[in-house]
Each structure stands twice: as C-alpha cells, then as structure tokens.
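Accompanying notes for the structure given below.
In what follows, chains carry the letters A, B, and so on, assigned in the order in which the sequence lines appear, proteins first and then strands, with residues in each chain numbered from 1. Heavy-atom basis, side chains included; hydrogens, waters and symmetry copies ignored.
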Protein chains: 2
Amino acid sequence: MRYSHKLSDAVHILAYVAIYHDDDLSSAAIAASIESNPALVRRLMGALRRAELLTTQQGSATPQLARPADRISLLDVYHAVEADTPLLHVDDKTNPACIVGGNIQATLRGAYAEVQDAAERQMAAITLASLIVDIRQREQQRNHA
Amino acid sequence: MRYSHKLSDAVHILAYVAIYHDDDLSSAAIAASIESNPALVRRLMGALRRAELLTTQQGSATPQLARPADRISLLDVYHAVEADTPLLHVDDKTNPACIVGGNIQATLRGAYAEVQDAAERQMAAITLASLIVDIRQREQQRNHA
DNA sequence: AATGGTGTAACTTATAAAGTAACATCAAAT
DNA sequence: ATTTGATGTTACTTTATAAGTTACACCATT
C-alpha cells in the first residue's frame, strides 16, 4: 500500500481552518494548500465532523473548530481518521498446529497494544494549539531569513 | 498497500528458532508455521542477520539467536526489519506558499518523532524472552482446555 | 561430484491509499 | 423562486508498497 497521510492531512485541515478562519475555507482552497484534491479534503472533513472536532455546513464553506484548539489533541485527530488502523499489524494467518503459530497472534496483540498505548499517550499530550504555535513560530523564522 | 507483517513475522522467526532449536529450522519449515513462503522467510532472516540478531549459515539450516532472548528487544527486531518505515508519515507534498503548507511538515516531523520515541521506548521494554514465555504460557492453557 | 539448503534478485500479484468524476443536496444571493 | 456554488457521498481508476513466486548462483555436507 501507500503510506497513509490521513493524520497529517487532517491536522493540516484543522490548522488551516484555525489560521485562515476569515478567508476562503472551501475544500478547494484547503486542497490547494495540501496539494491534494477537494474530494479527499471533504472526506477527511467528514471524518472530523463525525468525531465532533469540526463543524461544517453544506452549501457554504464556513467550517469551524468544534472546540478550542487547546482541547483538541493529536490523539483525537488520529482516532477520527485512523481509528481502525493500528500502528502495528499482527499477521493473522499463522499455522495453529505449531506452538509459535498457534499463540503468537495473541502474544503480539498484547505487546502491540502496549506500544499503541504508549504512542497514544504521547499523542494525547500534543494539542492542536501547540502545533499551531509551532507552525506560526516557524513562519516567523522563515520571514526573518 | 497491504499492511506490513514484517515485524510480526520476524518475531515469529526468532521465537521459532528459539523454541524449535533441535528441529528442522529450514526456511521452508518456518514458512509453514507463518503460512507464508520460504523466500519471505529468507529475506527477513537476512535482515535479522545483518542486524546481528540471528546467525545463519548458507547450505545448512542451523540458524541460532545471536544472543540470549532476554537481550533481544522488540525494538531491535523493529529496527532490523522496519528501520526506514516510521509509524506515522508526514505528507511531504504541501504548498510552501501557505503558512500551514510551508511549515506543517517540520512541525509534524517533530510531533511524530515524539510519538515514535514513546512507542520505541515501549518496544525496548519488551524482550523476545518475555514474548516466548507468553507464547509458552498460552500453549499450556490451550492444552489444558 | 551430488544433494539440498541458503542468499538474493527479478518479476508478478494483491491490496490499501489517493486521485478522479459525478451528482444529489443544501444554503445563500439575486 | 430560481440560480449559483459549495458540500457530502459514492463509485471507479490509478498508484504505490507488501507479499508471493520463480529462478539460480553459492555453499556445506555427504
């Protein structure tokens, strides 16, 4: 498969909405910033809306963050767009007639769950607000140079 | 793409070598346990050998762990087989002529590095030895029922 | 030398992500 | 009320990566 950019693009959308709240927030405008296409943006916005991170309105391009950026975590966004795709994947096609093949799936599910939990705890500690601060700081530095 | 099972299959190989050390350790035998094919097993064993986790010999099927299982971590295996594939992927095709598109790549690289570090710390805390203990315990329970 | 496995490369297939197109639906403007 | 323009969603196509397959030189043991 290709590497998924759903999380990156979803964060991009939220940051774009937060920063450009007074400008054109159409899916086409956001797609131009992502260098992607409007349908992808609308699909991701749909997932963000269902996760209650973003409010949108059909017909008019006026999406808004559903709550302040300091109360939206990277984990919230991850759950919104990658809920059913864990970071590590168990091979579920092993031979049950073998000590290893018959048990390693459950063993790895446990181990991977610990890794996933650690990653998600870190994601929970990163807010959209902090990401936006970082984006703005980098923009300052770009304009300085 | 398809979901990568490299890490799972590499752990499978190491556990198989550790548990079945007196039996047939040919790539074909291990492939049968993974329900995969010998070439995949040999490719993964090559990566494990290059990472100095496994010793193999051409011509004879006698691979061995390069060091005790309690000194091989899940992180070691991850680095061996997925070194160049981080858990989260930045979209590197965003529009630089935009505050968000021009800076979000660097911002997300930083955030994702923190997530990766948290995940890797947890992987480092999980040893092959503990996974093998878990596999054996589950086998006991299977035989009990 | 013969046998049988490894190590590795080239090619094919499968599958998930992203791109594309189409269109009903809704909101705003006139 | 009708027109306009964007959304929400689906279906289909394209692309990229993992896994499967094949082939064969190489090595070790017999």
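OP1 or OP2 of C:dG7 has at least one side-chain nitrogen or oxygen of B:Thr56 nearer than 4.0 Å.
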Please determine whether side chain to side chain donor-acceptor pair (under 3.5 Å) holds for the pair B:His12 and B:Ser33, giving the CA-CA distance in whole Å, both sets of side-chain angles, and the decisive distance to 0.1 Å.
CA-CA 9 Å; B:His12 193 135; B:Ser33 174; 2.6 Å; yes
Between A:Leu65 and A:Leu128, is the side-chain contact (heavy atoms from CB on, under 4.5 Å) condition met? List the steps.
CA-CA 10 Å; A:Leu65 299 189; A:Leu128 176 61; 3.9 Å; yes
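A heavy-atom distance below 4.5 Å is found between the side chains of A:Leu74 and B:Val115.
Taking every side-chain heavy atom of B:Arg42 into account, D:dA23 is the closest of D:dA23, C:dA17, D:dA19. When distances run from any side-chain atom of A:Ala39 to the nucleotides D:dA6, C:dA21, C:dA18, the shortest one goes to C:dA21. With D:dA16, C:dG19, D:dA6 as the choices, the nucleotide that has an atom nearest any side-chain atom of A:Leu40 turns out to be C:dG19. Residue A:Arg50 has its side chain nearest to D:dT9 when only C:dG19, D:dA19, D:dT9 are considered. Looking at the side chain of A:His5, the nearest of the listed nucleotides C:dA18, C:dT20, C:dA17 is C:dA18. For B:Ser36, the side-chain atoms get nearest to D:dG20 when compared with the rest of D:dG8, D:dT9, D:dG20.
A:Met45 has its CE atom 13 Å from the P atom of D:dA6, to the nearest Å. When rounded to the nearest whole Å, the span between CG of A:Leu44 and P of C:dA17 equals 12 Å. Here C:dA18 presents its P atom at 8 Å from CD of A:Glu82, a figure rounded to the nearest Å. If you measure from atom CG of B:Asp84 to atom C1' of D:dT17, you get 12 Å, rounded to the nearest angstrom.
A donor and an acceptor atom, one from each side chain of B:Glu120 and B:Gln116, are located under 3.5 Å apart.
Of the two residues near DNA chain C, B:Lys93 and B:Ser27, the one whose nearest nucleotide lies more 5' is B:Ser27. A residue-by-residue look at A:Arg49 and A:Tyr3 shows that A:Arg49 has its nearest nucleotide of DNA chain D further toward the 5' end.
If you check every strand for non-hydrogen atoms under 4.0 Å, A:Arg43 touches a base.
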